[in-house]
Peer 1: 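This is the structure I want to talk about, given as structure tokens.
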Amino acid sequence: MSLEKTKELANGSIIPRLGLGVWKVQDGEEAVNSVKWALQAGYRLIDTAAAYKNEASVGEGIRASGVPREKIFVTTKLWNADQGYDSTLKAFDESLAKLGLDYIDLYLIHWPVGGKYKDSWRAMEEIYQSGRAKAIGVSNFHEHHIKDLLKEVKVVPMVDQIELHPTLTQEPLRKFLVVNKIAVEAWSPLGQGKILEEPILVEIGKKYNKTAAQVIIRWHLQSDSIVIPKSVHEERIKQNFDVFDFELTDDDIKRIDELNTNERLGPDPDNFDF
């Protein structure tokens, strides 16, 4: 049951394996409280993005938590409209200012905008070399996007944050990322709540006196994915973190893997228009 709570990225940065995501969390009190509650419950990874429009409140929640900044791993992301070399540098400064931080622990390109992500990456490398982002990576990149990027990078992305849950297991992409020492991070890890009634997950949960959500989070962790479930409810936030006292068997994991239908809930990175 002794699952490491952190993971070492390719550059030596240490990232918590379980964090709080704040997609669709309202700027203001909701975001401030969610972040504060999570940090007070033991979370040490907070994942936001410029596109979520709640970076200022995330920063406020971090300060309100009482947890020292150096113990918290903060991720934010470059939005599509800001891609390109100069605009990436500017967007990073804006995110840093909104968060009220001196540095970001992980800065990601949010989506692979054709014709722009390589220029964005050059700027990301510069930000990384400056020390203002301790690690850099991508989000929603398919294997072919990463292969294209790798042709001319100085720094290999350390993370690829992808849609990943029991009905979209992304196994070929995950294998490719492992080979290239790129950590896998799961967004919408609970399938946006649509699979929480799935009988197999409920049944496995009963065996351990856990909820289906806790079973899914544990499945991600035992599959070596970093996972960032979102909630705005204090009890649920605490419950989602209470997954380090049980262990799924190989058979449990196999049964969950078999729920895969390759069904996306979000856009396909090969076909998005925002």
Side-chain angles (χ1 to χ4, degrees), residues 2-23 38 43-49 71-78 92 103-112 117 120-121 124-125 127-129 131-150 153-166 168-190 216-230 240-241 243-244 248 253 256-257 260 266 269:
S2 61
L3 183 77
E4 289 289 326
K5 290 190 179 180
T6 59
K7 179 180 176 66
E8 186 174 341
L9 300 179
N11 73 330
S13 286
I14 303 297
I15 185 170
R17 289 177 181 271
L18 175 55
L20 179 79
V22 296
W23 177 57
Y43 289 73
R44 291 295 177 263
L45 164 61
I46 306 294
D47 180 280
T48 185
K71 294 193 172 172
I72 304 168
F73 193 103
V74 181
T75 300
T76 193
K77 309 178 194 79
L78 170 71
F92 178 80
Y103 66 93
I104 302 290
D105 296 276
L106 176 62
Y107 196 44
L108 304 177
I109 295 180
H110 209 149
W111 289 86
Y117 60 74
S120 301
W121 190 255
M124 304 269 287
E125 289 180 329
I127 292 163
Y128 173 62
Q129 299 297 354
R132 292 187 308 148
K134 304 299 182 189
I136 51 175
V138 295
S139 179
N140 299 301
F141 274 48
H142 281 324
E143 181 174 332
H144 71 88
H145 295 123
I146 292 177
K147 281 180 171 171
D148 184 45
L149 193 61
L150 291 180
V153 302
K154 293 178 190 157
V155 179
V156 175
M158 291 137 205
V159 171
D160 188 6
Q161 187 181 116
I162 56 175
E163 181 181 348
L164 177 58
H165 43 76
L168 182 70
T169 56
Q170 300 248 42
E171 209 164 308
L173 176 55
R174 280 162 54 200
K175 282 179 177 164
F176 169 79
L177 294 172
V178 168
V179 167
N180 285 277
K181 298 184 170 56
I182 300 170
V184 178
E185 187 169 24
W187 65 257
S188 279
L190 302 177
I216 297 169
I217 292 166
R218 184 73 200 194
W219 168 80
H220 281 290
L221 294 171
Q222 287 185 222
S223 306
D224 200 29
S225 297
I226 300 154
V227 57
I228 44 170
K230 167 227 161 184
N240 286 345
F241 200 71
V243 293
F244 294 100
L248 299 172
I253 288 172
I256 297 169
D257 287 344
N260 180 48

Peer 1: Out of I104, T76, L78, which one pairs with F92 under the side chain to side chain contact (heavy atoms under 4.5 Å, CB included) rule?
Peer 2: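 One option only clears the test, and that one is I104.
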Peer 1: Only counting residues at least two apart or in another chain, list the ones meeting side-chain hydrogen bond (donor to acceptor under 3.5 Å, both in side chains) with D224.
Peer 2: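 Listed in chain order: K7, R17.
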Peer 1: Under the 3.5 angstrom rule, does the side chain of K134 hit a backbone N or O of G131 as a donor-acceptor pair?
Peer 2: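 At least one qualifying donor-acceptor pair exists.
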Peer 1: Are the side chains of L248 and I256 in touch, meaning some heavy atoms are under 4.5 Å apart?
Peer 2: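 Yes, side chains in contact.
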Peer 1: Taking NZ, NE, NH1 and NH2 as the nitrogens, is one of them in D47 or K230 under 4.0 Å from a carboxylate oxygen of the other?
Peer 2: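 Between K230 and D47 there is no salt bridge, as every charged N stays at least 4.0 Å from the carboxylate O atoms.
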Peer 1: How long is the span from the CD atom in E4 to the CG atom in L221, to the nearest 0.5 Å?
Peer 2: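 Nearest 0.5 Å value for the CD-CG distance: 12.0 Å.
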Peer 1: Ignoring hydrogens and angles, tell me if any N or O in the side chain of Q222 forms a donor-acceptor pair with the backbone of I253 under 3.5 Å.
Peer 2: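 Flag not set: sc Q222 to bb I253 has no pair under 3.5 Å.
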Peer 1: Which of parallel (below 30°), tilted (30 to 60°) and perpendicular (above 60°) describes H142 and H145?
Peer 2: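 Rings of H142 and H145: parallel, as their planes differ by under 30°.
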Peer 1: Please confirm whether the backbone N or O of L150 pairs with a side-chain atom of W121, one donor and one acceptor, at under 3.5 Å?
Peer 2: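 A pair under 3.5 Å: no.
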Peer 1: Could you check whether any side-chain N or O of H110 sits under 3.5 Å from a backbone N or O of A49, counting only pairs where one atom can act as donor and the other as acceptor?
Peer 2: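 Answer holds: no.
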Peer 1: So does I127 get a backbone contact from the side chain of R132, meaning a donor-acceptor N/O pair under 3.5 Å?
Peer 2: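 No.
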Peer 1: Within the structure provided, determine whether N240 and I217 are in side-chain contact (heavy-atom separation under 4.5 Å).
Peer 2: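 Result yes, sub-4.5 Å side-chain heavy-atom pair found.
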Peer 1: Quick check for you: to the nearest 0.5 Å, what is the distance between Y128 atom OH and K154 atom NZ?
Peer 2: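 If we round to the nearest 0.5 Å, Y128:OH and K154:NZ are 13.5 Å apart.
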Peer 1: Using modelled atom types and a 3.5 Å cut-off, is there a donor and acceptor pairing between side-chain atoms of R174 and backbone atoms of T169?
Peer 2: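 Checked: pair present.
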Peer 1: Indicate yes or no: at least one non-hydrogen side-chain atom of N180 is less than 4.5 angstrom from one of I146.
Peer 2: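 N180 vs I146: side chains apart.
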Peer 1: Does T48 reach the main-chain N or O of V22 with its side chain, forming a donor-acceptor pair under 3.5 Å?
Peer 2: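 No: the side chain of T48 does not pair with the backbone of V22.
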Peer 1: Where the side chain of D160 meets the backbone of G137, is there a donor-acceptor pair that is under 3.5 Å apart?
Peer 2: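 Side chain of D160 to backbone of G137, a donor-acceptor pair under 3.5 Å: no, none is there.
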Peer 1: Could you work out, with side-chain hydrogen bond (donor to acceptor under 3.5 Å, both in side chains) as the rule, every residue matching K147, not counting sequence neighbours?
Peer 2: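 Checked K147 against side-chain hydrogen bond (donor to acceptor under 3.5 Å, both in side chains); matches are E143.
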